Amino acid sequence: MPEIAFRGVHHAYDDRTVLSDVDLTLTEHRIGIVGANGGGKSTLARMINGLVVPTSGTVTVDGVDTKRHGRQVRRTVGFVFTDPDHQIIMPTVAEDVAFSLRRSRLSKTEREARVRDVLDRFGLAGHADHPPHLLSGGQKQMLALAAVMVAEPRILVADEPTTLLDLRNTRTIARTFAQLPQQLVVVTHHLDLLDDFDRVLVVDGGRVVADGAPRPTIEFYRESVS
Ligand SMILES: Nc1ncnc2c1ncn2[C@@H]1O[C@H](COP(=O)(O)OP(=O)(O)OP(=O)(O)O)[C@@H](O)[C@H]1O
Ligand SMILES: [Mg+2]
């Protein structure tokens, strides 16, 4: 797996500190991040592909600094937002997915095949020519994920990918995640999603307050709120 490294990371928006003393080396296959609202999870997740760069300290992905080489890092790290409307931009579902391949060296035929394949995997094959705004909230979420995965990033970071989903689509996402060969970092309030993950971080008040196997860390989190 790739290595995501946080070294002495501190982050403030304006002068308000939202992350402190974050030192992490993430090499596991599937990593979950949980914790209370406003704790700093999204900020931490966004640092992995350089959407947010630390006020001090460094974040690197396989040694590549997110601050100095953001574009290169973003080719390695795909990011899925909570709200799919933030990332759906093209007039049809298939075009939206194809847009992610605009800079690839694939032929037109290869691109079309990749788009078809990913739409099929994410349950959107019947919607290829539909305008995305006609999709349901959950289908849009699947489209946002498909549009990131079609570019085959080595790492996928997803910030609350199941928040808008019904039970069936939540299961589809869980199954999809379980089968992904890529390294995966998921921020979620759906604790069940993390049962078979390799590592879970609990983030609270801008710090990593627990870190380890899913069972003890989730237990720690449950107890901290009871
Ligand atoms: N762009 C921003 N500008 C200023 N403050 C921000 C910005 N983004 C987040 N914050 C603040 O940083 C803190 C941490 O926010 P963050 O979104 O990382 O938390 P979170 O753990 O993801 O919370 P939630 O579970 O509600 O999504 C919050 O106090 C939030 O108000
Ligand atoms: Mg968040």
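Computed from a predicted model, the values in this text were never measured in an experiment. All ligand and atom numbering here is 1-based and tracks the order in the structure.
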Notebook entry, point to check: Would a 4.5 Å heavy-atom cut-off, applied to side chains only, mark Leu119 and His127 as touching?
Noted result: no
Check: Is the Mg ion (ligand 2) less than 2.8 Å from an N/O/S atom of Thr82, whether that atom is in the backbone or a side chain?
Finding: no
Notebook entry, point to check: What atoms of ligand 1 come closer than 4.0 angstrom to any heavy atom of Ala36?
Noted result: 21 (O)
Next item on the list: Give the residue and atom name of whichever protein heavy atom lies nearest to atom 17 (O) of ligand 1, and the separation in Å to one decimal.
Entry: Ser42 CB, 3.6 Å
Item checked: Asn37, Val187, Val34, Asp204: member with heavy atom nearest to atom 26 (O) of ligand 1 -> Asn37
Notebook entry, point to check: Regarding Ser42 and Asp159, is there a side-chain donor-to-acceptor distance under 3.5 Å anywhere?
Noted result: yes
Checklist line | Thr66 and Arg74 side chains, donor-acceptor separation under 3.5 Å | finding: no
Check: Taking the six-membered ring of Tyr13, is NZ or CZ of Arg16 closer than 6.0 Å to its centre and within 45° of its axis?
Finding: no
Margin query: Quick test: of every protein heavy atom, which one is nearest to atom 25 (O) of ligand 1, and how far off is it to 0.1 Å?
Written below: Lys41 NZ, 2.7 Å
Notebook entry, point to check: Got a salt bridge between Lys108 and Glu112, using NZ or NE/NH1/NH2 to carboxylate O under 4.0 Å?
Noted result: yes
Notebook entry, point to check: Among protein heavy atoms, which lies nearest atom 6 (C) of ligand 1, and at what distance?
Noted result: Tyr13 CD1, 3.2 Å
Next item on the list: Check ligand 1 against Glu160 and write out every atom of the ligand that is under 4.0 Å from a heavy-atom position of the residue.
Entry: 25 (O), 27 (O)
Checklist line | Test of proximity, Gly35 against ligand 1: N or O pairs below 3.5 Å | finding: no
Next item on the list: State if Arg16 counts as touching ligand 1 under the rule of any non-hydrogen atom under 4.0 Å.
Entry: yes
Next item on the list: Test side-chain hydrogen bond (donor to acceptor under 3.5 Å, both in side chains) on His11 and Thr43 and set out the steps.
Entry: CA-CA 8 Å; His11 191 68; Thr43 304; over 6 Å; no
Next item on the list: Write out the residue and atom name of the closest protein heavy atom to atom 18 (O) of ligand 1, then the distance separating them to 0.1 Å.
Entry: Thr43 OG1, 2.6 Å
Next item on the list: Compare all side-chain heavy atoms of Phe220 with those of Val200 and state whether any distance is below 4.5 angstrom.
Entry: no
Next item on the list: Starting from atom 28 (C) of ligand 1, find the nearest protein heavy-atom neighbour and note its residue, name and distance.
Entry: Gly38 O, 3.8 Å
Checklist line | Top protein contact for atom 19 (O) of ligand 1, by heavy-atom distance | finding: Gly40 N, 3.3 Å
Checklist line | Nitrogen or oxygen of Val18 less than 3.5 angstrom from that of ligand 1 | finding: no
Notebook entry, point to check: Do the non-hydrogen side-chain atoms of Met149 and Thr176 ever get within less than 4.5 Å of each other?
Noted result: no
Checklist line | pair Phe81-Leu51: side-chain heavy atoms closer than 4.5 Å | finding: yes
Check: Which of the atoms in ligand 1, numbered in the order shown and given with their element, are less than 4.0 Å from a heavy-atom of His189?
Finding: 25 (O)
